[in-house]
Participant: 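Dropping a structure here in structure tokens format, bear with me for questions.
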Amino acid sequence: MTPGNIAGMAMLNGLQIVALTDHNSSKNCPAFFKQAKKLGLIPIPGMELTTAEDIHVVCLFPSLDAALSFDDYVDTLRPFVENKPEIFGNQILIGEDDEPVGTPDKLLWNAASLTVEEAYAEVTKRGGVCFPAHIDRPGNGIIETLGTFPDDPPYTAYECKQAESADALGKTYQKLTTIKRVVSSDAHRLTDIQEAVFSLDIEDEPYSSDLVRHRLIALLRGE
Amino acid sequence: MKVSDLLKAVSLKAVVLDNPDAEIEGVYVGDLLSRAMSHLEKHNAWVTIMTNKNVVAVGSLSEVSCVILAEGTTLPPDAVEAARENRVNVLAADLPAYELCLALSDPLASKP
């Protein structure tokens, strides 16, 4: 996947707002912004962070600057382990013309020394929103790792892959019924990108993609 | 063996020791709290590197005799506070889990 073909696939599938959340990196977001804007999509810059507890957390930001500032911060908290492409795959940094421009040395797969509470504070401070990823999946899901859906940090949303599995979890973890549910494709391949089956109303006058981004994040923050 | 006796036998730091007479019967090692919750037994010493506050909740729920933080990990202040409130003993060791368990093995085997 490249930012260009993600944007292209998203457009073909009728999506209007698309978040790019590479594992532990926001470095491809500038290229994604350029490609998304060409096709009239609203890009959301983000990251799927692996916390110190090995929990995956989706982080979304209102601006590229905020996302890249968080990316810089997370870079300082990651142990220096070199990537082994034959095991973990290639880590490709893509430039604005959708061509590879580099490969980060540090392995992006491993966790930063940032706890769920610290991650929440750092993302919130930058105007973003973060929430536990794929809570209906055992690997790296918050419920398996912490044994419950915690009250603290005070998450305002969660992500799941199947609405039905989240319905079932909501019976055990009551908090899930009181916060926003994000059902997303968590696409790791172009063919995983869903069609536009969900929609929400966002007041966007006077129109700017920036306004939509801010309103979407405010909505997920429960504001 | 009592937690207080274990502290004399093995080099461990007492982070919270509000229940020094708690008896240790067996050891459990694990970090995924959902697993720990379903596998911990009452009076276990629980060796973990997980430092989320919920460690205290799970330890209390499972009535462990103590939590032993391995590999130099530390609990955040609110978790230490929660351990005090719930009278959950918390010990800490610099040793990684395997070496720590080896060090625990003899003293616990020769319990008085």
Side-chain angles (χ1 to χ4, degrees), chain A residues 49-57 77-79 81 109-125 130-155 158 160 165-166 168-176 179, chain B residues 15-16 27-42 44-86 88-90 92-94 96-98:
Chain A
L49 174 76
T50 308
T51 69
E53 303 90 349
D54 261 336
I55 294 167
H56 288 186
V57 174
L77 300 169
R78 187 178 294 120
V81 178
W109 177 81
N110 53 358
S113 60
L114 201 63
T115 65
V116 281
E117 290 89 355
E118 288 163 345
Y120 183 88
E122 290 294 331
V123 172
T124 304
K125 192 168 93 182
C130 69
F131 45 89
H134 43 68
I135 67 157
D136 49 348
R137 203 187 82 181
N140 307 102
I142 196 165
I143 292 176
E144 185 195 46
T145 308
L146 296 186
T148 185
F149 193 94
D151 286 331
D152 194 33
Y155 288 123
Y158 66 93
C160 64
S165 53
L169 288 169
K171 293 193 178 112
T172 312
Y173 309 106
Q174 211 266 326
K175 183 172 175 187
L176 296 177
I179 59 179
Chain B
V15 181
V16 175
V27 178
Y28 177 80
V29 189
D31 308 311
L32 284 180
L33 300 188
S34 56
R35 300 281 298 192
M37 219 163 10
S38 56
H39 290 77
L40 274 169
E41 288 176 13
K42 199 172 168 177
N44 272 174
W46 174 20
V47 175
T48 186
I49 54 163
M50 172 61 81
T51 58
N52 184 270
K53 192 177 169 182
N54 281 14
V55 165
V56 177
V58 172
S60 172
L61 191 75
S62 309
E63 300 180 55
V64 299
S65 40
C66 59
V67 173
I68 311 181
L69 303 170
E71 224 167 74
T73 48
T74 54
L75 281 184
D78 60 339
V80 173
E81 194 47 46
R84 279 208 190 90
E85 277 168 23
N86 292 284
V88 176
N89 293 322
V90 179
D94 287 329
Y98 175 68

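So that the names make sense, note that chain A is the first sequence line, chain B the second, and so on, each numbered from 1. Just so you know, these numbers use all the heavy atoms, side chains as well, and skip hydrogens, waters and symmetry mates.
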Participant: Which of residues 30-38 of chain B get closer than 4.5 angstrom to chain A, counting heavy atoms alone?
Facilitator: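 Answer by number: B:Asp31, B:Leu32, B:Leu33, B:Ser34, B:Met37.
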
Participant: For A:Cys130, is there any backbone N or O sitting under 3.5 Å from a side-chain donor or acceptor partner on A:Tyr120?
Facilitator: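 No: the side chain of A:Tyr120 does not pair with the backbone of A:Cys130.
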
Participant: For B:Tyr28 and B:His39, take the angle between the two ring planes, folded into 0 to 90°, and tell me which bin it lands in: parallel under 30, tilted 30 to 60, perpendicular over 60.
Facilitator: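 Judged by the thresholds at 30° and 60°, the geometry between B:Tyr28 and B:His39 is parallel.
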
Participant: Output yes when a side-chain donor or acceptor of A:Thr51 lies under 3.5 Å from a complementary backbone atom of A:Glu53, and no otherwise.
Facilitator: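 Yes; at least one donor-acceptor contact below 3.5 Å.
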
Participant: Kindly say whether B:Ser65 contributes a backbone atom to a donor-acceptor pair with the side chain of B:Asn89 at under 3.5 angstrom?
Facilitator: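 Confirmed, B:Asn89 side chain pairs with B:Ser65 backbone.
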
Participant: Does a sphere of radius 6.0 Å around CG in A:Asp152 hold more than 12 heavy atoms from other residues, nucleotides or ligands, not counting ones at 6.0 Å or beyond?
Facilitator: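 Check passes, neighbour count above 12.
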
Participant: Could you give the distance from OH (A:Tyr155) to NZ (A:Lys175), rounded to the nearest 0.5 Å?
Facilitator: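 Separation between the atoms: 8.5 Å.
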
Participant: For the atom pair CD1 (A:Ile135) and CD1 (A:Ile142), what is the distance rounded to the nearest 0.5 Å?
Facilitator: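 Between A:Ile135 CD1 and A:Ile142 CD1, I get 9.0 Å after rounding to 0.5 Å.
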
Participant: If only side-chain N and O atoms count, and only distance matters, is there a donor-acceptor pair under 3.5 Å linking B:Thr73 with B:Glu71?
Facilitator: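 Absent: no donor and acceptor within the cut-off.
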
Participant: Considering heavy atoms only, which positions within residues 112-119 of chain A lie below 4.5 Å of chain B?
Facilitator: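 If one takes a 4.5 Å heavy-atom cut-off, the residues of residues 112-119 of chain A near chain B are A:Val116, A:Glu117.
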
Participant: Is the backbone N or O of B:Trp46 less than 3.5 Å from a side-chain atom of B:Asn44, with the two atoms forming a donor-acceptor pair by type?
Facilitator: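 Checked: no pair found.
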
